[in-house]
Amino acid sequence: MTDALNTGLTGEWCWHTLEAGAKRLENIDVAGIFDEIADTLELKGENPFRIRSYRRAARVIHDMPDDVKRLVETDELTGIQGIGESLAEKIVDIVKTGTCDFYEEIKKDPAYNLTAFMNIPGVGAKLAVRLNKELGVKTIDDLEKAAKAGKLRSLEGMGEKLEEKILKGIEQYRRHIGRFRIAEALTRAEAIVSILSEVKGVTRIEIAGSLRRRKETIGDIDILVISRTPDRVMDAFTSMTTVADVLAKGDTKSSVLLRSGIQVDVRILPAANYGSALHYFTGSKDHNVAIRDRGKRMGLKVSEYGVFDVKTERNLGSKTEAEVFKAVKLPFIPPELRESSGEFEAAEKGTLPNLIELKDIKGDLQMHTTGSDGANSIEEMGRFAKTLGYKFIAITDHSKAVRVAGGLNDKELAAHIKAIRKANSKVPGIEIMSGVEVDILADGSLDISDEVLADCDVVVAAVHSKFNMPEQEMTARIITGISNKNVNIFAHPTGRIINEREPYNVNIETLISEAKKSKVALELNSHPDRLDLKDIHCRQAKDAGTMISINTDSHADQQLTNMRYGIATARRGWLEAKDVINTYTLARLRKFLEKQG
DNA sequence: GCCGTTTTCGGCCCGACTGTTTTCAGTCG
């Protein structure tokens, strides 16, 4: 790997994550196929346990850190919990050929065409089949028409409310269609960068677009390349095994559709105007409009080819992004801030934030172990955290209200705290703090007694039930919960799951100000499906002086590396190291936890 | 389809919630 090669990622995690990204590609593909098979089998009314096996295998493969391709080579697949002879055989075929016989068979089944319905919240397999059979609807458009015409209520056991629910579900589904979560987009983009960077003649390659700005969801992937050999780059790009369709292939621009449905554009650029092109293709659109407007007022013309003096036509900056900004008399604005949401004003005033970086993080304050629904022991979590250079972590298993996750009651938590202390003494060089993710019940009370909570180093409070309370009630419930003197952090504050579940009704402004009063930090949950608080709320919290805790909520040791997504969102939320409690030294953190700092 | 001091068959998590209906089926996590 050469220095000239720049992936657009900041700092030290560049190559480390690139490798991880390249590894995971086939895992996602296998998982996607198994999920489609599971959906189709469910629609066909097959054995629910057989369906569960496919879903479980899909999840295991998706989440595991190991490269499924490597496991095929070393014949280790059947050693994995949830993968037996039959699934292993299919995985081998998929990795080698991109598909397997059973999947091809499934795709021919009429039920396969109904899998789209299952993406609508509130519609499961049974309902999808009935709607298809009794109303003849084949597409989501059909379903929408039928619901709007009031045809659903004529069916037995269905009423007006269900019609409304389905229409709302369709609306939600449409809003999200075509947008991919950052983790999937980044993983795929990094894998492509890895492949293309091996092509002879490539001197620079970089991710641009909304992915470079680290938006939580991404429409398509843009990759910019400097190369002496455009033909070779385009050949390598369009012949990747993950390509489903080549939409365009030229000397300077090619587009493909990946099997996963993501469109990827690759552009070959001349080195001379790489900086202005990178700036242009990074966006956002609004940011570009604003910077062109600014240039115009200064007698300059800004385009992807450079910043030109209108009179003399002299090029004032195009080789690097820094040159472009300098030409319009601005300091460098980090990609994450380029949303035309105040970055120009801050740049003018010299008040751009010194954005937080991954290396600022000294520990992670929310994670699970085998004590509830995690995959690893306390010690294992501690040892892995240590390899990340962390100085401290907090073990925060669920409380009893979250029954499906094996939540702990008072007595079990008390014993767990002892186990954590014991583990702490066994892993030198890192402080493993005791904690809990305690549920805030519907009435605002906590699911663990004050007595036991007081014994924890870190108390993370969270909502996991009754998501649909009206705003006032939900806000009051949360405020009551976090005003308990033992609570330190409020986890995933809005409860949203990106592309899947809307946030519950909580008044963010009230929550932010009450959290500050109670000396409670709001969590920025780093799980790429959550990213909760989201960017704009982080900025609101920062402006109000409410502290943030960036945690991974890991359920397995490898997930601790999800911190990168939390950092990405934090940067989009203008956060600096000083706004985040897990950049503190252990001594200072303890003061905060004791509500003295 | 997976798994095993209930091991080659038979069990596999289960409670909350919703919309509908009055005892339940479907969806979700």
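Basis for what follows: all heavy atoms, side chains included, without hydrogens, waters or symmetry-related copies. Labels below follow one simple rule: chain letters A, B, ... track the order of the sequence lines, proteins then strands, and each chain is numbered from 1.
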Nearest-angstrom distance from the residue atom CG of A:Leu155 to P of B:dT20: 12 Å
Phosphate OP1/OP2 of B:dG1 contacted by A:Lys90 side-chain N/O (<4.0 Å): yes
Sugar-phosphate, base or nothing in reach of A:Leu41, heavy atoms under 4.0 Å: nothing
Parallel, tilted or perpendicular, as decided by the 30° and 60° cut-offs, for the rings of A:His398 and A:His368: parallel
A:Lys466, nearest nucleotide to its side chain (from B:dC3, B:dC17, B:dC2): B:dC17
Nearest-nucleotide comparison on DNA chain B, the residue closer to the 5′ end among A:Arg56 and A:Gly122: A:Arg56
Comparing A:Gly84 and A:Glu156 on DNA chain B - which has the more 5′ nearest nucleotide: A:Gly84
Nearest-angstrom distance from the residue atom CD1 of A:Ile166 to C1' of B:dG19: 11 Å
A:Lys126 side chain, from C-beta outward: closest of B:dT20, B:dC12, B:dT27: B:dT27
Whole-Å gap separating C1' (B:dC17) and CZ (A:Phe467): 12 Å
Closest to side chain of A:Leu87, choosing from B:dG1, B:dG19, B:dC17: B:dG1
Check against salt bridge (charged side-chain N to carboxylate O under 4.0 Å, His left out), A:Glu144 and A:Arg174: CA-CA 11 Å; A:Glu144 183 178 38; A:Arg174 288 236 174 89; 3.2 Å; yes
Sugar-phosphate, base or nothing in reach of A:Glu160, heavy atoms under 4.0 Å: sugar-phosphate
Sugar-phosphate only, base, or nothing, as touched by A:Ile83 at under 4.0 Å among non-hydrogen atoms: sugar-phosphate
Side chain of A:Lys161 (C-beta onward), nearest among B:dC2, B:dC3, B:dT20: B:dT20
Nucleotide nearest A:Arg52 (side chain, heavy atoms from C-beta), chosen from B:dC13, B:dT27, B:dC3: B:dC13
Pair A:Asp532, A:Thr494: side-chain N/O donor-acceptor within cut-off below 3.5 Å: yes
A:Met158 CE to B:dT20 C1', straight-line distance once rounded to whole Å: 11 Å
The single option from A:Asn409, A:Leu453, A:Val452, A:Ile448 passing side-chain contact (heavy atoms from CB on, under 4.5 Å) against A:Ser399: A:Ile448
Length of the CD-C1' vector between A:Glu85 and B:dG1, whole Å: 12 Å
Expected output: side-chain A:Ser554 to main-chain A:Leu560 donor-acceptor under 3.5 Å: yes
Sugar-phosphate only, base, or nothing, as touched by A:Ala57 at under 4.0 Å among non-hydrogen atoms: nothing
Residues A:Lys161, A:Glu164: salt bridge by 4.0 Å N-O rule: no
Euclidean distance, atom CG of residue A:Leu167 to atom P of B:dG19 [Å, nearest integer]: 14 Å
Sugar-phosphate only, base, or nothing, as touched by A:Pro121 at under 4.0 Å among non-hydrogen atoms: sugar-phosphate
Pairing partner of B:dT8 (Watson-Crick or G-U wobble, both distances under 3.5 Å): none
Candidates B:dC2, B:dG19, B:dC12 - which lies nearest the side chain of A:Ser86: B:dC2
